[in-house]
Participant: 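Take this structure first; my questions come after.
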Amino acid sequence: MISMDELKFDQNGLIPAIVTDAADGKVLTLAYMNRESLAISMAEGRTCFWSRSRRCLWRKGETSGNVQHIRTITADCDRDALVVAVDKDGPACHTGAESCFFEPVYIGEAGQPFTVKGLYKLLEGRKETLPEGSYTTYLFRKGLDKILKKVGEESTEVIVAAKGGDKAETIYEIADLMYHVMVLMVEMGISVEDVYQELASRHIIDHKVKQEKMTP
């Protein structure tokens, strides 16, 4: 790891900090830190910035409650910019939006990139509005037993495809299974963050177990 003295602050003593969601890498906001706010951020484990407009320190969430808990802080190759990966307690933007970046300027032919969270939000919308003609609507109307039946069927199809050694078919069936599992998650009120946190906790445990096994 590098020290704070190795970072390159600008002529105003500031360094840009790009805040991202540790769960999916989504950019949440762009803010600035000085040496003091960076030191506070590292000491407290939550983001503290320097407000260029108010010319004072501000801890994210001190009035809104939308605290950002820091996972990692990484400098770029020139050491004049930071990426701060956080677990957030609420929206990053003062407008109430999850991210400060939500005003499209240009969208290429490929359109918006696919994200698991984006699919989850789409499924939540289907459950709320139940549009006619939607397969997802059909599943939600049938209820938990039907959804569980489909998860079981898709699990079997993944096994059959993989056993047959067909990679393309296995990918197709895994996608089907993931979709139905996410429908189940929405039905049961299980968020993507809930699953990320569970996986993260297992990663920490696994890391500790490996360390213990390596200790002479």
Participant: Looking at SG of Cys48 and CG of Asn34, how far apart are the two atoms once the value is rounded to the nearest 0.5 Å?
Facilitator: 8.0 Å
Participant: If two hydrophobic side chains count as joined below 4.5 Å and joins carry through other members, does Leu144 share a cluster with Tyr138?
Facilitator: yes
Participant: What I'd like to find out is whether the side chain of Leu30 reaches to under 4.5 Å of the side chain of Pro16, using heavy atoms alone.
Facilitator: yes
Participant: To check you understand the geometry: which heavy-atom pair defines the closest contact between Thr95 and Phe102, and what is its length?
Facilitator: OG1-CE2, 3.7 Å
Participant: Given 3.5 Å as the limit, does a donor-acceptor pair link the side chain of Asp10 with the main chain of Asn12, or not?
Facilitator: yes
Participant: Would the number of heavy atoms belonging to other residues, nucleotides or ligands and lying under 6.0 Å from CE of Met42 be above 12?
Facilitator: yes
Participant: Pro91 and Ala97: which non-hydrogen atoms are nearest, and at how many Å?
Facilitator: CB-O, 3.2 Å
Participant: Would a 4.5 Å heavy-atom cut-off, applied to side chains only, mark Glu124 and Lys127 as touching?
Facilitator: no
Participant: Under the side-chain contact (heavy atoms from CB on, under 4.5 Å) rule, what do Glu193 and Lys117 come out as? Steps first, then yes or no, please.
Facilitator: CA-CA 9 Å; Glu193 288 79 7; Lys117 280 190 173 181; 2.8 Å; yes
Participant: Do Leu28 and Ile70 sit in one hydrophobic cluster, given that two such residues count as connected whenever their side-chain heavy atoms are within less than 4.5 Å of each other, even indirectly?
Facilitator: yes
Participant: Should Tyr172 and Asp166 count as side-chain neighbours, where that means a heavy-atom distance under 4.5 Å?
Facilitator: no
Participant: Can you see which heavy atom on Ile190 is nearest to which on Val195, and at what distance?
Facilitator: CG2-CG2, 4.1 Å
Participant: With clusters defined by side-chain heavy atoms of hydrophobic residues (ILVMFWY) lying less than 4.5 Å apart, directly or transitively, does Val183 cluster with Met185?
Facilitator: yes
Participant: Taking the basic N atoms (NZ, or NE/NH1/NH2) and the acidic carboxylate oxygens, is any pair closer than 4.0 Å for Arg71 and Asp21?
Facilitator: no
Participant: Please walk me through it: do Leu38 and Leu82 pass side-chain contact (heavy atoms from CB on, under 4.5 Å)?
Facilitator: CA-CA 10 Å; Leu38 178 55; Leu82 303 173; 4.2 Å; yes
Participant: Measuring only between side-chain heavy atoms, which start at C-beta, is Lys149 closer than 4.5 Å to Asp145?
Facilitator: no
Participant: Regarding Glu44 and Arg59, does a basic nitrogen lie under 4.0 Å from an acidic carboxylate oxygen?
Facilitator: yes
Participant: Flag the pair Lys150 and Glu153 as a salt bridge only when some basic side-chain nitrogen lies within less than 4.0 angstrom of an acidic carboxylate oxygen.
Facilitator: yes
Participant: Examine distances only and state if a side-chain atom of Glu173 and a backbone atom of Thr170 form a donor-acceptor pair shorter than 3.5 Å.
Facilitator: no
Participant: Do Thr137 side-chain atoms and Glu132 backbone N/O form a donor-acceptor pair below 3.5 Å?
Facilitator: no
Participant: Quick check on the hydrophobic clustering: are Met4 and Phe49 connected, directly or via other members, by side-chain heavy-atom contacts under 4.5 Å?
Facilitator: yes
Participant: Could you give the distance from CH2 (Trp58) to OG1 (Thr47), rounded to the nearest 0.5 Å?
Facilitator: 7.0 Å
Participant: Between Ser41 and Met33, what is the shortest heavy-atom contact and its length?
Facilitator: OG-CE, 3.5 Å
Participant: Counting neighbours of CD on Glu6 that are heavy atoms of other residues, nucleotides or ligands and sit closer than 6.0 Å, is the number greater than 12?
Facilitator: yes
Participant: Would you compute the distance between atom CE of Met178 and atom CG of Leu119 and round it to the nearest 0.5 angstrom?
Facilitator: 8.5 Å
Participant: Sub-3.5 Å donor-acceptor pair from the side chain of Asp194 to the main-chain atoms of Glu198, do we have one?
Facilitator: no
Participant: Glu36 vs Trp50, test: side-chain contact (heavy atoms from CB on, under 4.5 Å). Steps then yes/no.
Facilitator: CA-CA 9 Å; Glu36 184 179 4; Trp50 174 259; 5.8 Å; no
Participant: Given side chains that start at C-beta, do those of Asp24 and Val116 come closer than 4.5 Å, heavy atoms only?
Facilitator: no
Participant: Once you measure the plane-to-plane angle for His180 and Tyr135, does it fall in the parallel (<30°), tilted (30-60°) or perpendicular (>60°) bin?
Facilitator: perpendicular
Participant: Counting only N and O atoms by type, is there a donor-acceptor contact under 3.5 Å from the side chain of Ser37 to the main-chain atoms of Leu57?
Facilitator: no
Participant: Does a side-chain heavy-atom distance below 4.5 Å link Arg46 with Asp87?
Facilitator: no
Participant: Taking all heavy atoms of Val151 and all of Leu177, pick out the closest pair and write down the distance.
Facilitator: O-CD1, 3.7 Å
Participant: For atom CZ of Arg52, decide whether the heavy atoms of other residues, nucleotides or ligands shown that lie under 6.0 angstrom number more than 12.
Facilitator: no
Participant: Calculate, to the nearest 0.5 Å, the distance between atoms CE and CG belonging to Met188 and Leu148 respectively.
Facilitator: 8.0 Å
Participant: After noting the C-alpha distance and the side-chain angles of Leu122 and Arg126, does the key distance pass the side-chain contact (heavy atoms from CB on, under 4.5 Å) rule?
Facilitator: CA-CA 6 Å; Leu122 175 65; Arg126 290 287 193 270; 3.5 Å; yes
Participant: Do the side chain of Thr156 and the main chain of Gly152 share a donor and acceptor less than 3.5 angstrom apart?
Facilitator: yes
Participant: Lys88 versus Asn66: any side-chain heavy-atom pair under 4.5 Å?
Facilitator: no
Participant: Identify the two heavy atoms, one from Lys60 and one from Ala92, that lie closest to each other, and give their separation to 0.1 Å.
Facilitator: NZ-O, 2.7 Å
Participant: May I ask you to test the Glu157-Glu169 pair for a side-chain heavy-atom distance under 4.5 Å?
Facilitator: no
Participant: According to a hydrophobic-cluster definition based on side-chain heavy atoms being under 4.5 Å apart (Ile, Leu, Val, Met, Phe, Trp, Tyr only), do Val27 and Ile15 belong together?
Facilitator: no
Participant: For the atom pair CG (Leu184) and CG (Leu123), what is the distance rounded to the nearest 0.5 Å?
Facilitator: 11.5 Å
